[in-house]
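Atoms considered below: every heavy atom in the structure, side chains included; atoms not considered: hydrogens, waters and symmetry mates. If you're wondering where the values come from, they're calculated on a predicted model, not measured in any experiment. Quick note on labels: first sequence line is chain A, next is B, and so on, each numbered from 1.
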2 protein chains.
Amino acid sequence: MDLDAVRTFVAVVDAGRFQEAAAHLTITQQAVSKRVAGLEKELAVRLFDRTARGARLTIDGQAFLPHARELLRAEERAAASVRPGSRALRVDVIGRRLAPAELLRAFHRAHPDAELDVVTLFDADAAIAAVRSGAIDASFRALTRQPPADLEATRVYDEPLQLVTGPAHELAAARTVRPGLLAGHRIWMPGLVAGTEWAAYYDDLAAEFGLTIEATGPDFGTEPLLDTIADSATLATFVGELTRLVWPAHQDLRRIPVRDPTPVYPHSLFWRGDNPHPTLTALRAHLRSQRAGEGTWAPRWAS
Amino acid sequence: MDLDAVRTFVAVVDAGRFQEAAAHLTITQQAVSKRVAGLEKELAVRLFDRTARGARLTIDGQAFLPHARELLRAEERAAASVRPGSRALRVDVIGRRLAPAELLRAFHRAHPDAELDVVTLFDADAAIAAVRSGAIDASFRALTRQPPADLEATRVYDEPLQLVTGPAHELAAARTVRPGLLAGHRIWMPGLVAGTEWAAYYDDLAAEFGLTIEATGPDFGTEPLLDTIADSATLATFVGELTRLVWPAHQDLRRIPVRDPTPVYPHSLFWRGDNPHPTLTALRAHLRSQRAGEGTWAPRWAS
DNA sequence: CGCGACTACAACCCTGCGTTGTGCACCTAG
DNA sequence: CTAGGTGCACAACGCAGGGTTGTAGTCGCG
C-alpha cells in the first residue's frame with residue numbers, strides 16, 4: 001500500500017473534490033485520480049462516488065477513512081521516533097521482561113499520553129555512554145561504580161531474587177530458601193555475558209554465598225531454559241520477583257523467594273542533569289528513590 | 001515513507017542479515033541494501049551497524065522498530081477494513097456525536113478487542129438497503145415502518161430530549177419544561193434534511209405539540225449553531241440527552257430536560273438475521289432491548 | 001440545449017527501483 | 001601471516017510506474 005496514495009485519499013476526503021486536493025498536494029488532478037484509482041484497485045473496492053460536484057465517500061470509503069488517518073499518524077510517530085529534538089523519551093532497560101520494563105509500564109499506565117521508546121543496550125557502560133552523548137535520555141541499570149559527574153542517578157528499585165525450580169528439585173516444596181543453603185546446588189543462567197554489570201552482580205552473589213552459577217552453553221532464550229529446569233532435579237535458576245515468566249501448566253515450576261538475607265538486584269535510573277525532556281521529569285517524579293532495606297544483600301558497589 | 005522499505009527493515013531485523021531477508025522477500029541482497037539505505041536517508045539516521053556477521057540495530061533502529069511494526073499492523077488493519085469476509089463489524093450510526101455512537105463506545109469499552117468500523121449513511125432507508133446488501137452489518141436508526149422480513153430489529157434506547165437555550169432565553173432558568181409550553185417558541189434545527197427519518201420525527205413532534213421547528217438556512221455545524229443560540233433570547237434547539245456538546249464557558253448555555261410527557265427518540269438496532277459475525281452477537285447481547293416507558297412520547301410509527 | 005464543473009482516459013517522458021556484476025572489509029582457520 | 005569465506009556497498013543498465021499535458025465524457029443547471 002502506497003502511503004502517498006493514502007495521503008491523497010485523505011486529502012480528497014477533506015477537500016471534497018479531486019481538483020482541490022490536487023492543488024493542496026501541488027500535483028495535477030490527473031495524478032490524484034491515478035493515485036486514488038490505484039488505491040481502489042489494490043483494495044478492490046470503490047472508495048468514492050464521483051459526481052459532477054465532486055467526490056463523496058462510499059460506505060467502504062467511510063470504513064477505510066479512520067484507518068487511513070491512523071496509518072498516517074503511525075507514519076508520523078515512526079518518523080518522529082528518530083527525529084532529533086522533540087522526540088519521545090528514549091529509555092534503556094536491561095530486558096523487556098524484567099523489572100525496569102515493568103516500572104516503565106506502570107509509569108505509562110499513570111501517564112498514558114507520555115510517549116516512550118524503549119531500547120536495550122549491551123551493558124551499563126554502553127548505556128552511560130549513550131546517555132552522555134544524548135542518544136538516549138535515561139537508563140535503568142545497576143551501577144557498579146559512581147556515574148560520571150555530568151550524570152545524575154537514583155536507586156529506584158531493589159528487586160528481591162527468587163529461585164525457579166522444577167517439581168523434582170530438592171527444594172521444590174520449600175516456602176522460602178536461605179542463600180547459604182544453595183551452596184551445593186547448581187544454578188544455571190545461560191544468558192550471562194561476561195563483562196556486563198549483571199554478570200558482575202551474579203559473580204559477587206556467587207562469591208558471597210559460595211554458590212555455583214553456571215553460564216555455560218548457548219542462550220536459546222527463556223522458554224528452553226524453563227524446559228530444562230522443569231525436567232531437572234538438580235538445576236535451578238534465579239529470576240527477579242517482577243520478571244515475567246509464563247510456562248505450560250504441566251511443567252509445574254515453582255518460584256521460591258530467597259530470604260535471610262534477601263539478595264536484591266539494585267536497579268538505578270540515571271540521566272543527564274541538563275536534559276529538559278518533560279517526560280523525564282514526570283518519570284523521575286513517578287519513581288521514588290529507595291535505600292537498601294533491612295535484611296537484604298546487595299554487592300558492595302551498590303551501596 | 002515507503003512501506004516496502006519499512007517491511008524490508010523489519011525483515012532484516014528478524015533475519016539478522018540482509019542476505020537472508022532478501023531471500024525471504026525474494027529480491028536480491030542489493031535491493032534490500034538499497035531499500036534500507038533509502039529509509040536511512042529519508043530518516044537521516046543510521047538504522048543498522050553493518051558487520052561481517054550481519055546487521056545489528058543501532059539505538060535509533062531499536063527505537064524505530066516498534067513503530068515500524070505498528071505501521072505495518074496499521075496497514076494490515078486498513079486493508080482488512082475493506083476486505084470482504086473476516087472484516088471488522090461495520091455499523092451505521094446517525095451521527096458520531098449522538099447517542100448510538102455513545103452506545104458503541106460503551107460497547108467498545110466493554111469489549112476492547114472487538115473491531116468496529118463506524119459509518120454514517122444518508123437515512124434509515126439507505127441503511128436498510130445497506131444492511132440487506134451486506135455492505136454494513138448493522139445500523140442504529142429510528143424505524144418509521146416495519147423493517148423488511150429478512151431483517152431483525154430491536155428497540156435499544158429511548159433517548160429523552162433536552163432543550164438548549166442561551167442565558168437570555170425566557171426558559172433559561174427553568175429546571176424542566178413541558179413540551180406544550182414550547183408552542184409559541186422558535187426551535188431552530190438547521191441540520192434537518194427532508195426525507196430522513198429524523199426529520200420525520202421532528203415533524204411529528206412539532207405537529208403533536210404545536211411547535212414551530214425551523215430548518216431554514218444552511219447547516220454550518222454544531223458550533224455556529226450554539227454560537228447563535230447563546231446570543232439569542234428567542235431561539236432554542238433540541239438535543240438528545242446523550243448528545244456530546246461542548247461550548248466555551250462564556251456562552252453559558254443550558255440543557256433543560258423536557259418532561260410531562262418526555263419526548264424520546266426511539267433508537268433501534270437492526271441487522272440481517274443470517275449474519276454470523278461474532279461481534280454482532282456480542283453487540284446484541286450488550287444492548288438490552290427496551291419498551292416505551294411511562295410518561296414518554298414517541299411518534300406513532302415507533303410503537 | 002449549451003455551458004460550467006468535474007473526473008477519466010491516452011500518450012509521452014523521466015525518475016526511480018530492481019537486477020547483474022564487482023569491489024571491499026572483516027573474520028577465521030591453518 | 002595469509003588465503004578463503006562471508007556479507008554489505010557501489011556501479012551500470014533496463015524497465016515499470018507515476019507524473020504531466022491534452023482531450024473526452026458525464027452530470028447538473030439555467
Side-chain angles (χ1 to χ4, degrees), chain A residues 1-58 60-61 64-65 68 72 75 122 193-195 218, chain B residues 1-58 60-61 64-65 68 72 75 122 193-195 218:
Chain A
M1 194 180 304
D2 179 9
L3 284 184
D4 283 331
V6 174
R7 217 182 319 281
T8 305
F9 165 76
V10 172
V12 172
V13 172
D14 292 340
R17 284 170 299 165
F18 281 40
Q19 307 222 21
E20 194 176 328
H24 285 136
L25 299 169
T26 59
I27 56 177
T28 61
Q29 165 266 316
Q30 289 87 338
V32 172
S33 184
K34 267 197 185 181
R35 285 188 185 177
V36 172
L39 192 59
E40 287 177 327
K41 184 178 177 184
E42 179 176 355
L43 299 173
V45 294
R46 182 156 277 269
L47 295 171
F48 291 105
D49 281 328
R50 280 81 159 169
T51 76
R53 286 192 312 285
R56 295 202 68 77
L57 282 172
T58 62
D60 282 318
F64 184 69
L65 176 59
L72 299 179
E75 180 196 21
F122 177 70
V193 178
Chain B
M1 194 180 305
D2 179 9
L3 285 184
D4 282 332
V6 175
R7 218 183 320 279
T8 305
F9 164 76
V10 172
V12 172
V13 173
D14 292 340
R17 283 172 299 162
F18 282 40
Q19 308 224 24
E20 195 176 327
H24 285 136
L25 300 169
T26 59
I27 57 176
T28 62
Q29 166 265 313
Q30 289 87 337
V32 172
S33 184
K34 267 197 184 181
R35 284 189 186 177
V36 172
L39 192 59
E40 287 177 327
K41 185 178 178 186
E42 180 176 354
L43 298 173
V45 296
R46 181 157 278 267
L47 295 172
F48 291 105
D49 281 329
R50 279 80 159 170
T51 75
R53 285 191 313 285
R56 295 202 68 77
L57 282 172
T58 62
D60 282 318
F64 184 70
L65 177 59
L72 299 180
E75 180 196 20
F122 176 70
V193 177

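Note on A:Thr28: every side-chain N or O is 4.0 Å or more away from OP1 and OP2 of D:dG19. For the pair B:Thr51 and C:dC26, the criterion of a side-chain N or O lying under 4.0 Å from OP1 or OP2 is not met. Neither OP1 nor OP2 of C:dT7 sits under 4.0 Å from any side-chain N or O of A:Ser33.
Counting to the nearest Å, the C1' atom of D:dA9 and the CD1 atom of B:Ile27 are 15 Å from each other. Taking atom CZ on B:Phe18 and atom C1' on C:dT19, their separation rounds to 18 Å, with Å as the unit. Across the protein-nucleic acid pair, B:Asp4 atom CG and D:dG18 atom P stand 11 Å apart, rounded to whole Å. Residue B:Leu25 contributes atom CG, which lies 15 Å from atom C1' of C:dT19 at whole-angstrom precision. Atom CZ of B:Phe48 is separated from atom P of D:dA9 by 10 Å (rounded to the nearest Å). In this structure, B:Arg46 places its CZ atom 11 Å from C1' of D:dC8, rounding to the nearest Å. In this entry the distance linking CG of A:Asp49 with C1' of C:dA8 reads 15 Å, nearest Å. The CZ-C1' distance, from A:Arg56 to D:dC27, rounds to 16 Å in whole Å.
Looking at heavy atoms from C-beta onward, B:Arg7 lies in side-chain contact with B:Leu72 at the 4.5 angstrom threshold.
With rounding to the nearest 0.5 angstrom, the NE2 atom of B:His24 is 9.0 Å from the CG atom of B:Asp14.
Set against D:dA9, D:dG19, C:dC26, the side chain of B:Ala52 has C:dC26 as its closest nucleotide. Taking every side-chain heavy atom of B:Arg17 into account, D:dG7 is the closest of D:dA9, D:dG19, D:dG7. Between D:dA9, C:dT7, C:dC27, one nucleotide has an atom nearer to the side chain of B:Arg53 than all others, and that is C:dC27. The nucleotide whose nearest atom lies closest to any side-chain atom of A:Gln29 is, among C:dT7, D:dA9, D:dG19, C:dT7.
A donor-acceptor pair under 3.5 Å is formed between the side chain of A:Arg50 and the backbone N or O of A:Phe48. At least one donor-acceptor pair closer than 3.5 Å links the side chain of A:Thr8 to the backbone N or O of A:Asp4. With hydrogens and angles disregarded, no donor-acceptor distance shorter than 3.5 Å links the side chain of B:Glu75 to the backbone of B:Leu3.
In terms of position on DNA chain C, the residue among A:Ala55 and A:Lys34 whose nearest nucleotide sits closer to the 5' end is A:Ala55. Annotation: of the two residues near DNA chain D, A:Thr26 and B:Ala37, the 5′-most nearest-nucleotide partner is B:Ala37. Along DNA chain D, the nucleotide nearest B:Arg50 and the nucleotide nearest A:Arg35 are compared for position; the residue whose nucleotide lies closer to the 5' end is B:Arg50.
Within the nucleic acid shown, B:Gly54 comes within 4.0 Å of sugar-phosphate atoms alone, with no base atom in reach, counting heavy atoms only.
A:Gln30 contributes no side-chain N or O that forms a donor-acceptor pair with the base of D:dG19 under 3.5 Å.
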